[in-house]
There are 2 protein chains.
Amino acid sequence: MIDEPAFEDLTARARIRDAALRLFAERGMQAATIRDIAARAGVSLGLVRHHFGSKEELRDACDEYALAQGMRIKNEALSAGMMGSGIPKPGFLPEVHPTLVLLMQYFARSISDGSAAAEAMFEQFVAVTEAWVAQQFPGEFDDPKAVAVLITAMQMGPMLLHQQVSAALGVELLSRAGHIRSSKAFIDIYAQPWLSKDSAEAAKAAYDQLEKGETP
Amino acid sequence: MIDEPAFEDLTARARIRDAALRLFAERGMQAATIRDIAARAGVSLGLVRHHFGSKEELRDACDEYALAQGMRIKNEALSAGMMGSGIPKPGFLPEVHPTLVLLMQYFARSISDGSAAAEAMFEQFVAVTEAWVAQQFPGEFDDPKAVAVLITAMQMGPMLLHQQVSAALGVELLSRAGHIRSSKAFIDIYAQPWLSKDSAEAAKAAYDQLEKGETP
DNA sequence: GGACACGCTATACGGGTGTACAGTCAGCAA
DNA sequence: TTGCTGACTGTACACCCGTATAGCGTGTCC
């Protein structure tokens with residue numbers, strides 16, 4: 001986890017990287033200045049350059065670290081059975097809370113900037129979902145790739161909108177209370193078929209016709 | 001729509017506002033400079049300040065305009081029956097495509113910056129979804145507010161991840177082909193109950209127990 | 001003990017940014 | 001004509017940013 005060992009115990013290089021990750025996530029790649037990063041890390045301006053060369057290289061280091069941390073948490077979640085039934089295992093999320101919030105904020109920034117790291121992270125998440133869909137619902141869908149991509153994007157929605165969702169619910173989404181409340185709602189959402197088989201067939205037929213025809 | 005009437009026919013003030021909206025969406029609030037905005041609008045640097053006072057006030061004007069445009073499109077979608085059955089009406093999205101992509105990019109930027117406009121837009125979307133849930137599934141959920149908030153966030157996921165989704169699918173999401181392909185997948189997703197009633201009951205019971213007990 | 005490597009600091013420089021302001025020009029009322 | 005208003009321009013300024021570089025202190029190897 002990022003915030004252990006204690007901040008003061010980290011090497012200066014690690015402190016700079018962590019401070020950069022936090023400031024990039026909070027303010028964006030452009031607005032976060034090297035001077036602020038150095039100040040938060042408790043080092044001089046020159047040391048940042050000494051260790052990372054340039055702001056761009058510092059950003060690359062943060063990307064790499066965030067990607068590795070994200071994949072580590074995802075794997076822990078998988079081995080903890082978090083996604084076995086399609087819903088989080090009770091109690092898992094609150095444990096990783098601080099790191100996860102930070103990574104999601106950083107990830108949301110990267111998405112706005114269209115970084116390669118964001119795209120790589122998304123594609124790896126899609127691969128996991130695709131394998132899960134193929135195993136859980138084999139032969140069920142005409143276009144399993146598109147289903148996996150869209151499910152992944154939909155699952156990320158509440159995370160990316162973490163701030164707005166928390167405000168609308170009146171409770172911090174990744175706190176214990178928020179986690180329980182949202183998980184219960186997720187169960188209801190996942191258990192509910194939102195479209196009847198008849199409606200689905202009719203809608204699909206309409207799109208088939210649209211696909212053959214001209215631009216409306 | 002933003003790109004009609006023709007760009008050249010707009011007043012200088014409107015041209016500046018449109019150019020700012022585009023550059024803010026493309027590069028972010030910080031990276032987009034007043035000089036670039038003035039250049040794209042075809043006016044001098046001073047005129048931007050003359051009309052809007054400061055960069056912050058220009059940003060506020062863009063927020064207000066984007067919010068109004070987003071609500072206008074949403075209302076058109078509603079009146080066009082786009083959300084009547086929970087799925088987009090064939091042919092609607094491609095029509096509003098250019099404006100919608102622009103607004104979504106701008107909105108994604110605003111979300112990263114945690115602007116008041118982004119929060120307002122999200123809350124208004126939640127209100128619409130909440131009314132729809134109450135009408136379509138009355139008394140179905142224990143926590144309809146949370147269900148509405150999370151559904152709204154999930155529906156926004158693919159839009160916010162528009163760039164990554166398009167890359168993963170190999171087709172521009174809001175093009176005609178991408179719209180048809182994703183809509184078909186959405187139909188499958190919405191028609192599929194992802195959790196059996198039994199599993200849902202078991203999971204809910206687990207969370208109820210977690211709620212009563214101590215921190216795990 | 002001398003030389004070297006490395007972590008680290010302090011200071012300076014060029015460039016780009018938001019802001020401020022004086023001034024030009026067209027349209028219009030008296 | 002005269003005077004005034006408002007859209008619009010060009011330039012100057014103070015500031016902050018990323019980058020560059022010279023130098024300091026400390027441990028370590030031969």
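Here is the naming used below: chain letters follow the sequence lines, and residue numbers restart at 1 for every chain. Quantities reported herein were computed from a predicted structural model and do not represent experimental measurements.
The pair Arg40(A)-Asp36(A) fails the salt-bridge criterion, with no side-chain N (NZ, NE, NH1 or NH2) lying under 4.0 Å from an Asp/Glu carboxylate O. Between Arg181(A) and Asp143(B), at least one side-chain nitrogen of the basic residue sits less than 4.0 Å from a carboxylate oxygen of the acidic one, meeting the salt-bridge criterion.
Checking dT19(C), dT19(D), dT9(C) against the side-chain heavy atoms of Lys55(A) singles out dT19(D) as nearest. Proximity note for Thr33(A) (side chain, C-beta onward) versus dA20(D), dT9(D), dC17(D): the nearest is dC17(D). Looking at the side chain of His51(A), the nearest of the listed nucleotides dT19(C), dG7(C), dT19(D) is dG7(C). Looking at the side chain of Ser44(A), the nearest of the listed nucleotides dG18(D), dA12(D), dC8(C) is dC8(C). Among the nucleotides dT11(D), dT19(D), dG7(C), the one closest to the side chain of Leu45(B) is dT11(D).
A donor-acceptor contact shorter than 3.5 Å links the side chain of Lys55(B) to the backbone of Met29(B). Using a distance-only test at 3.5 Å, with no hydrogens or angles considered, no donor-acceptor pair links the side chain of Arg17(A) to the main chain of Cys62(A).
In this structure, Glu57(B) atom CD and dG18(C) atom P are separated by 15 Å, rounded to whole Å. Atom CD1 in Ile16(A) sits roughly 11 Å away from atom P in dG7(C) (whole-Å rounding). Atom CG of Leu47(B) is separated from atom P of dT19(C) by 15 Å (rounded to the nearest Å). The distance between atom CZ of Arg13(A) and atom C1' of dC6(C), rounded to the nearest whole Å, is 14 Å. The CD1-P distance, from Ile37(A) to dC17(D), rounds to 11 Å in whole Å. Residue Arg49(A) contributes atom CZ, which lies 17 Å from atom P of dC6(C) at whole-angstrom precision. Between the CG atom of Asp36(A) and the P atom of dC16(D) there is a distance of 11 Å, rounded to whole Å. Nucleotide dG7(C) holds its P atom 12 Å from the CZ atom of Phe52(A), rounded to whole Å.
Below the 3.5 angstrom threshold, one finds a donor paired with an acceptor across the side chain of Arg35(A) and the base of dG18(D).
Nucleic acid contact for Ala38(A): none, since no nucleic acid atom lies under 4.0 Å from a heavy atom of the residue. Residue contacts shown for Ile34(A) are limited to sugar-phosphate atoms, with no base heavy atom under 4.0 Å away.
Of the residues listed (Tyr190(A), Trp194(A), Phe137(A)), the one engaging Trp194(B) in a ring-ring contact (aromatic ring centres under 6.0 Å, His included) is Phe137(A), and it is the only one.
Between His50(B) and dC8(D), a side-chain N or O to OP1/OP2 separation shorter than 4.0 Å is absent.
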